[in-house]
Amino acid sequence: MKTTSSWARKLLVISCLSAAPIMVSLCPATSVATTITVVPESPLKSLDPIITPAYFIRNFGYMIYDTLLALDADGKIQPQMLDHWKVSDDGRTYTMTLRKGLLWTDDTPVTSDDCIASIKRWAILDKTGQIMDSLMESMTKLDGQSWQMRFKVPTDIALRGLSKPSGVPAFMMPERVAKTPADKQITETIGSGPFKFVKEEFCPGIQAVFAKNKKYVPRPEKPSGLAGGKVVYVDEVKWIGMPDSMTAINALVNKEVDLIERTDYDFLPMLEQNKDIKVITAHQLDQQPIARFNFLQPPFDNNKVRQAAMMAVNQKDVLQAMVGNPKYYETCYTVYGCGNQYASTAGSGEFGRGNIAKAKEILASSGYDGTPIVLLHPTDVGAFSKSAPVIAQELRQAGFKVDMQSMDWQSVNNRRTSKASPADGGWNMFTTGIGVVDARSPLSAFTIPANGSKSWFGWPDIPEIEQLRNKFARSSDPAEQKALADEIQEKVLSNGVILPLGQISLPLAVSAKLQGVLETYALVFWNIKKSD
């Protein structure tokens with residue numbers, strides 16, 4: 001039987017004693033027959049995978065929830081919770097039927113009422129879901145296992161939306177949970193997925209524990225992408241927060257943890273030479289670093305000021321600071337991620353190429369009055385902690401005043417939701433990353449929508465972009481879709497909706513004791529076996 005190491009016991013005791021009163025006063029350090037211990041990208045605090053597109057919360061969602069549809073390794077849409085679906089001859093009506101035997105972890109059956117409520121809540125918050133909802137005429141229950149979705153026009157948006165693997169996947173929840181208002185976080189963690197959340201052992205930001213859901217019935221197919229059989233071979237998966245990268249690396253080398261989700265690039269050469277450790281680099285997990293502006297607050301409510309900032313920042317400088325080794329990065333000026341279907345340089349011009357002289361010229365003509373730029377700087381997310389200082393320096397060279405404010409990633413996540421002025425706890429600019437799986441199209445990329453208060457943090461309001469995205473959603477012609485994608489990219493870049501900062505690999509550092517780690521669109525823990 002395993003025991004929790006001394007560093008882990010001390011960390012859990014100290015941290016859990018200071019946890020919120022509603023949580024347990026001490027995180028139990030239990031032992032089970034087979035445990036995978038993981039250092040996630042960021043410690044888990046929030047438990048609502050619909051309310052935010054943060055990837056560590058998406059990964060939490062895949063532990064305990066399931067989706068109606070899923071993408072396989074070839075990007076094809078497959079049934080997951082569904083047994084099958086049917087499409088009417090006119091392409092407007094979709095009939096969905098659940099597979100039999102699906103249970104929530106409170107032992108109640110999964111029903112069509114649950115799914116209808118879950119789809120409705122997801123559609124309020126997800127960018128693809130918002131377009132799907134705007135095209136939908138009705139959603140009607142047929143019986144306990146089936147329902148129909150009727151659309152105003154012929155479209156396959158239901159399949160594209162309900163199968164999206166990342167950003168905000170359409171996780172199904174019990175009806176009573178799914179009826180939680182979209183602006184409030186859920187308070188229950190009842191899913192129908194391959195794991196159960198062990199709430200008694202949860203310490204926010206420190207530890208999250210997932211036990212095998214013994215009543216989960218996997219699909220019969222082999223796992224492929226996020227589709228197929230989600231077979232769990234271990235008893236427990238434990239996520240542990242670490243204070244810094246070196247602590248995590250030492251724990252992996254000493255065989256106290258089994259997997260590090262986001263490894264500091266400086267340590268990769270050492271790990272690659274260790275026979276007891278595997279470094280896994282999967283294109284599906286690549287990310288596109290981006291900068292995001294706040295359209296509601298000066299000075300980035302002025303498009304010329306946004307253009308000046310985009311002109312000043314140099315992708316190569318940012319990537320070199322973030323990663324260092326060109327083996328793990330490439331310059332990439334498309335908003336759709338390099339290697340994806342719609343990738344192009346349409347409208348990219350000189351943005352992201354560090355033209356300081358041009359940036360100064362544009363800034364001088366913008367009317368910028370020296371208002372300080374509050375740039376949020378996450379300090380605890382590996383490579384991303386290194387991008388903000390480079391951006392701050394290049395903005396200063398172009399004539400901006402910059403107030404870089406440092407905080408942990410969870411605080412950035414919370415701060416970026418604020419629409420207040422920077423002086424009152426708001427912000428002007430932050431950096432983050434979008435997975436290439438999300439960036440792949442105008443519908444899946446949650447950073448592209450520009451529908452004001454319904455858009456992602458920064459709240460751009462560019463009606464032309466939304467009109468084009470709606471045309472894209474209605475189109476079934478690949479040539480037309482490609483032309484529309486190029487036009488959308490031009491609008492996104494010329495209006496400063498996002499600034500692409502290249503593309504980086506996110507290697508997983510994995511103990512050689514683990515076999516079957518799936519190289520897919522999210523970090524998942526089914527199909528993994530652990531040897532002694």
Side-chain angles (χ1 to χ4, degrees), residues 32-34 36 47-50 57-70 78-85 95-122 139 141-149 162-163 165 168-180 185-202 208-238 518 522 524-528:
V32 293
T34 309
I36 298 176
L47 300 178
D48 190 340
I50 301 299
I57 300 177
R58 170 206 65 191
N59 294 348
F60 161 76
Y62 277 114
M63 297 296 287
I64 68 172
Y65 300 107
D66 213 343
T67 57
L68 298 170
L69 302 166
Q78 304 291 351
Q80 192 58 35
M81 292 174 72
L82 292 184
D83 180 75
H84 63 273
W85 72 85
T95 302
M96 308 290 194
T97 301
L98 291 166
R99 58 190 176 103
K100 295 179 180 179
L102 299 181
L103 293 174
W104 302 112
T105 51
D106 63 1
D107 293 330
T108 58
V110 178
T111 69
S112 53
D113 287 326
D114 299 319
C115 298
I116 289 171
S118 295
I119 292 169
K120 286 180 177 178
R121 185 171 189 261
W122 165 80
M139 184 159 48
K141 174 183 176 180
L142 299 179
D143 55 43
Q145 298 293 296
S146 302
W147 68 99
Q148 279 188 342
M149 302 171 71
L162 297 176
S163 67
V168 181
F171 294 119
M172 296 296 106
M173 300 177 179
E175 181 183 18
R176 68 180 184 279
V177 178
K179 285 187 172 181
T180 302
Q185 293 205 27
I186 61 173
T187 58
E188 292 186 69
T189 50
I190 303 298
S192 66
F195 292 90
K196 296 192 297 183
F197 183 65
V198 185
K199 62 182 180 180
E200 296 82 6
E201 298 188 38
F202 179 49
V209 179
F210 307 88
K212 178 179 179 178
N213 182 2
K214 295 180 181 179
K215 295 184 179 180
Y216 178 75
V217 180
R219 293 190 66 85
E221 303 90 353
K222 291 182 179 179
S224 175
L226 292 172
K230 298 180 179 181
V231 180
V232 175
Y233 295 105
V234 298
D235 299 296
E236 178 184 82
V237 176
K238 184 179 293 185
L518 292 171
V524 297
F525 291 93
W526 57 83
N527 198 57
I528 299 178

Close side-chain approach of K199 to L47, heavy-atom, < 4.5 Å: no
Closest non-hydrogen atom pair between V237 and V234, with its separation: CG2-CG2, 4.1 Å
Check: R121 side chain, T180 main-chain N or O, donor-acceptor pair, under 3.5 Å: yes
Any donor-acceptor pair under 3.5 Å from S118 side chain to D114 backbone: yes
CA sep, side-chain torsions, deciding dist, call: I64, T105, side chain to side chain contact (heavy atoms under 4.5 Å, CB included): CA-CA 9 Å; I64 68 172; T105 51; over 6 Å; no
Mutual orientation of the aromatic rings belonging to F210 and F60 [parallel < 30°, tilted 30-60°, perpendicular > 60°]: tilted
Residues L98, L82; criterion side chain to side chain contact (heavy atoms under 4.5 Å, CB included); working and verdict: CA-CA 4 Å; L98 291 166; L82 292 184; 4.3 Å; yes
From CD1 (I50) to CD (Q185), nearest 0.5 Å: 11.5 Å
Heavy-atom side-chain contact between P79 and R99 under 4.5 Å: no
Closest contact, heavy atoms only, Q80 versus L226: OE1-O, 3.8 Å
Donor-acceptor under 3.5 Å (S112 side chain, D143 main chain): yes
Heavy-atom donor-acceptor pair, N213 side chain to K196 backbone, under 3.5 Å: no
Carboxylate-amine/guanidinium contact K141 D113, below 4.0 Å: yes
Polar contact flag, side-chain donor to acceptor under 3.5 angstrom, T97-Q145: no
Closest contact, heavy atoms only, M173 versus W104: C-CH2, 3.3 Å
Basic-acidic side-chain contact under 4.0 Å: R176, D106: yes
Shortest non-hydrogen separation from L518 to N527 and the atoms involved: CD2-ND2, 3.6 Å
Rounded distance (nearest 0.5 Å) linking atom CZ of F525 with atom CE of M63: 6.0 Å
Closest contact, heavy atoms only, Q78 versus W85: C-CZ3, 4.2 Å
ring-ring contact (aromatic ring centres under 6.0 Å, His included) against Y62, all qualifying residues, sequence neighbours excluded: F171
Donor-acceptor contact below 3.5 Å, side chain R58 vs main chain P49: no
Contact summary for W526 and F195, nearest pair of heavy atoms: N-CE1, 4.3 Å
Flag side-chain contact, heavy atom, 4.5 Å: V231 against Y233: yes
For A170, side-chain contact (heavy atoms from CB on, under 4.5 Å) partners two or more places apart: W122, L162, M172
Side chain proximity check, L68 to C115, heavy atoms < 4.5 angstrom: yes
